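Worth saying up front: this structure is predicted, and the values here are computed from it rather than measured.
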Amino acid sequence: MENLKTKYNRRSFLKSSALAGGGLMLSASWFASAKAAEKIDALNLPEHWNELTAYIKITPDNVVKILCPNPEFGQNVMTSLPMIIAEELDVDWKNVVVEMGPHDNLKLGPQFTGGSNSVRMYWKPLREAGAAARQMLREAAAQTWSLPLGEITTKAGVLYHPGTKMSGKYGDFAEKAATMPVPKDIKLKEARDFSIVRKSKKNVEGQKIVTGKPLFGLDYRADGMLIAMIQHPPAFGMKLKSFDAAETLKMPGIKDVFSLKLYEDGFEQGGFDTRTFNDLLVTVGKTTWEVMNARKKLQVQWEPIGDTKETMAGRSGKQEVVIPAGLESTTTQMEKMQEYAQKPAQQLRKDGDPEAAFRNAAVVIERTYTAPFLAHNCMEPMNFFADVTPERAVVAGPLQAPGWAEPTLSKLLNLPPEKIEIQMTRMGGGFGRRAYPQFMYEAALISQKMKSPIKLIYSREDDMTYGIYRPMYTATYRAALDANKNLIGFHVNGGGIPENPVHANRFPAGAVDNYLAEGWQIPSNITIGAFRAPRSNFNAAAEQSFLDEVAEAMGKDPIEMRLELLERAAKNPVGKNNDYDAARYAGVLKLVRDKSGWNGGKDGKYSRGVAAYFCHNSYAAHVVDMVTRNGEPYVERVFSAVDCGVVVNPDAAVNMVQGAVVDGIGNAFYGGLVHKDGAVQQTNFDKYRLIRNQEAPKSIEVHFVQNDLDPTGLGEPPFPPVFGAVANALYKTTGKRHYQQPFKSESASS
Amino acid sequence: MAKYTLKINGKPRQIDVDPATPMLWVLRDHLDMPGTKYGCGIAQCGACTVHLNGTAVRSCQLPVSAVGNEEITTIEGLSDNGDHPVQKAWLEHDVAQCGYCQTGQIMTAAALLKINPTPTDEDIEAGMSGNICRCGTYLRIREAVKTAAKN
Ligand code: FES
Ligand code: FES
């Protein structure tokens, strides 16, 4: 058993009111009233709940309600996080009902979905919550039965005293347990005793999803709710000059057209308050179709915006950021990147004497890789509901990090946080896009102005052209080989618009004596942000293709070559701060090698590519098997190996890895956003190619490294190495190395 | 504005809307049936799929004025208790990630199996190719269609 001392702040985090009857229940909210789970109906839940910790309520009927703290965007947290509580609470999963929690950072923790952190961040706190509640129940039984606490055991929601054969359901003791103090010492289970965690459980919202219940932000409704849409400038670098709404206002259902400033000058924006366009031209009406149509009749003049200043809250106080003027095009962006790549860059890490290594090298390999801006293209376009009055605000919708949005919303509306209620709906995808709450602020300001509940909707075109994109990147890699084809020097110089992608302390840093990492960036007015495994999603493509080429030049198998380097990094690491565990990194490569029956570049009809990567604290490797189908390269089969510690919900984890593989293949082949004079050229799925059913592999075999390590990230880590593995298989298939994404460039060429 | 009486999920429903309004928005905004999803509005993603006399159509491209007496079935009416073989297969394979595309996928699959009860792998891939899943659940979608075909 693991003994944990609960810290003071942790205790307040665990403890909630001991009131019977749901102090925390969203009984009046949209979720609980209109959308009560079928499961709840089936179990005929009584009014009476006994709340044990902030997360857990138990009824006299032994039904256990568990609140999910984190917003769900498809990563399965609504199932996997409650599983962690249920494990330590020791209840029968059949009796568990899950509900999305309210937004309450004091009671439910950080409530942030992103960075592959949900399970990692909540693993200990939720186990503690479950274990604390279990112990409170045991104490209640011990007192009721006048028996020593140490002799009270539990099994699947029932308390036992083996000596006297006394037993009772949790539900019978829940009311008393709720009055017990939260225990100071909590014992957690050993991994070998897990009976819920590590056993696949079906998505708790599965039934609602397949029957089309209103789960998503776009499905949210309230009485008297109006629909709002925003007309944004046709290009980055432009702003609103003037407009004439006369024709629009004549259209049926239209209530108002107005312009609105998102942030006043000098407003201090939070870290995720990336703003796309600041002047909003808003059309409000009764229904979506009416607003969509009427908006087309707006007569609008746009003008270049010039250099603009934004005030951002930085780590060391406020900082001013200058956003440059200009109408950027992909062609000029490419030229600029080439120009910057030649300039002296910022040194990020240096080991040994890389200059000498390259001077003395028998062979130098140098390759340059590029990748385009990417749009997130969440299946559910951005949207948010807001109902703002002078006294309070209710906002509801799909958002990854409500806690980060609240301070800004509070300032924008001039309402204290306790007057703001944020409801978290299920998200139709996130991929990082929904960490940036601009659309929520927009909705709130529009509601405030209209004095009415409104739902702001981005059309698909708005969503794609009004984005916060994956940046455009490039990197030049150089390898120095001595006369015996040993790798003696490694150099990466990477940059991007507007950020540098290089992770200087990642593999192969630590494995090469002479190493240099450099970076640079080009400011831009095109808004960028996190996209599934930020930076890694480019690095893994570039670096893993490059290593493949280096292995070939060294005359080595690409897996063996990596394993040799990793062995060096494990036994005798070069430099400090290597941020990966070389043994775990090697572990996924060995697992994928064995499971795929790796035998170099060929397996029957397949051309094979391999890649591995470490990010978000987890390790992933893929072998991609490619064929030529109808004259086109096609990934028919994939083997994946992942080390993310304990896998909480295995079947859902497999689904997530398979999805990452499909997403990676899609983006590697087709993904890319093109700008022309500041305007995004792809406005909808007819021009922005997403991977489709028949383009996904026939099989994706997923293997997890079995260990008892605390869980780490899963949503992101399997994604980046897909790009590298695809590139390497493409070389084996076509005989040609591919350096520019997307590899099938129908989408990003113009 | 014009008045229509539509047959939706076996029931007559009256509405008064602009004749050009796509069924997608009639369902979502006027009839409070949000199971039919908006994804692109231009017949590219399949999120808005419904059945028109049993055939899968893109409701974002179907103006209410074109419906007439034809029978519309939405995900809300595919089965009484969410137990259509396709829905059951979807749960068995735990297909969904975010879930947003899945009602459209299910409606396409149900219509596909009606005209082709024993589809080959190629039939399934081709039949489902108009429905985008941004989360990449395509492998499970195919398996679920196969399971539903067996039942
Ligand atoms: S919304 Fe109709 S096909 Fe995309
Ligand atoms: S499950 Fe998310 S788009 Fe398909």
Output the option from B:E122, B:R28, B:E76, B:K88 having the highest count of non-hydrogen pairs under 4.5 Å with chain A.
B:R28
What are the two closest non-hydrogen atoms of A:A696 and B:L139, and how far apart are they?
CB-CD1, 4.1 Å
Any non-hydrogen side-chain atom of A:P381 less than 4.5 Å from a side-chain atom of B:Y100?
yes
Given heavy-atom pairs under 4.5 angstrom as the criterion, report whether the side chain, backbone, both or neither of B:M33 touches chain A.
neither
Proximity breakdown for B:D121 and chain A, heavy-atom pairs closer than 4.5 Å:
neither
Distance-only donor-acceptor check, side chains B:Q44 and A:N684, under 3.5 Å:
no
Contacting moiety of A:F73, where chain B heavy atoms sit under 4.5 Å
backbone
Quick one: are A:D651 and B:R140 in side-chain contact, heavy atoms under 4.5 Å?
yes
Over all atoms of both residues, closest heavy-atom pair of A:I691 and B:Y138:
O-OH, 2.6 Å
Taking the six-membered ring of A:F431, is NZ or CZ of B:R134 closer than 6.0 Å to its centre and within 45° of its axis?
yes
Nearest heavy-atom contact between B:C40 and A:F685 is CB-CD1, 3.8 Å
Which portion of A:I665 sits near chain B, non-hydrogen atoms under 4.5 angstrom
neither
Of all heavy-atom pairs linking A:W289 and B:A20, the shortest is CZ2-O, 3.7 Å
All heavy atoms of A:T211 vs all of B:G82, minimum pair found to be CG2-CA, 3.4 Å
Side chain, backbone, both or neither of A:S200 within contact of chain B (heavy atoms, under 4.5 Å):
neither
Can you check side chain to side chain donor-acceptor pair (under 3.5 Å) on B:S129 and A:N693, steps first, answer last?
CA-CA 5 Å; B:S129 69; A:N693 195 311; over 6 Å; no
Which region of A:K698, side chain (C-beta onward) or backbone (N, CA, C, O), has a non-hydrogen atom less than 4.5 Å from a non-hydrogen atom of chain B, or is it both or neither?
both
Which one of B:S79, B:C98, B:A43, B:G35 has the most heavy-atom pairs closer than 4.5 Å to chain A?
B:C98
Checked B:T74, B:D32, B:N81, B:L24 vs chain A; the most non-hydrogen pairs under 4.5 Å come from B:D32
Student check: side-chain heavy atoms of B:D29 and A:K286 closer than 4.5 Å:
no
Counting only heavy atoms closer than 4.5 Å, note whether B:L91 contacts chain A via side chain, backbone, both or neither.
both
Using 4.0 Å as the upper bound for N to carboxylate O, is an ion pair formed by B:D94 and A:K201?
no
Under 4.5 Å heavy-atom distance to chain A, tell me which part of B:I132 shows up: side chain, backbone, both or neither.
both
What part of B:E92 gets closer than 4.5 Å to chain A, counting heavy atoms only: side chain, backbone, both or neither?
backbone
Please classify the contact between B:Q87 and chain A as side chain, backbone, both or neither, with a heavy-atom cut-off of under 4.5 Å.
both
Under 4.5 Å heavy-atom distance to chain B, tell me which part of A:M379 shows up: side chain, backbone, both or neither.
both
Which bit of B:V95 comes within less than 4.5 Å of chain A, counting heavy atoms only: side chain, backbone, both or neither?
backbone
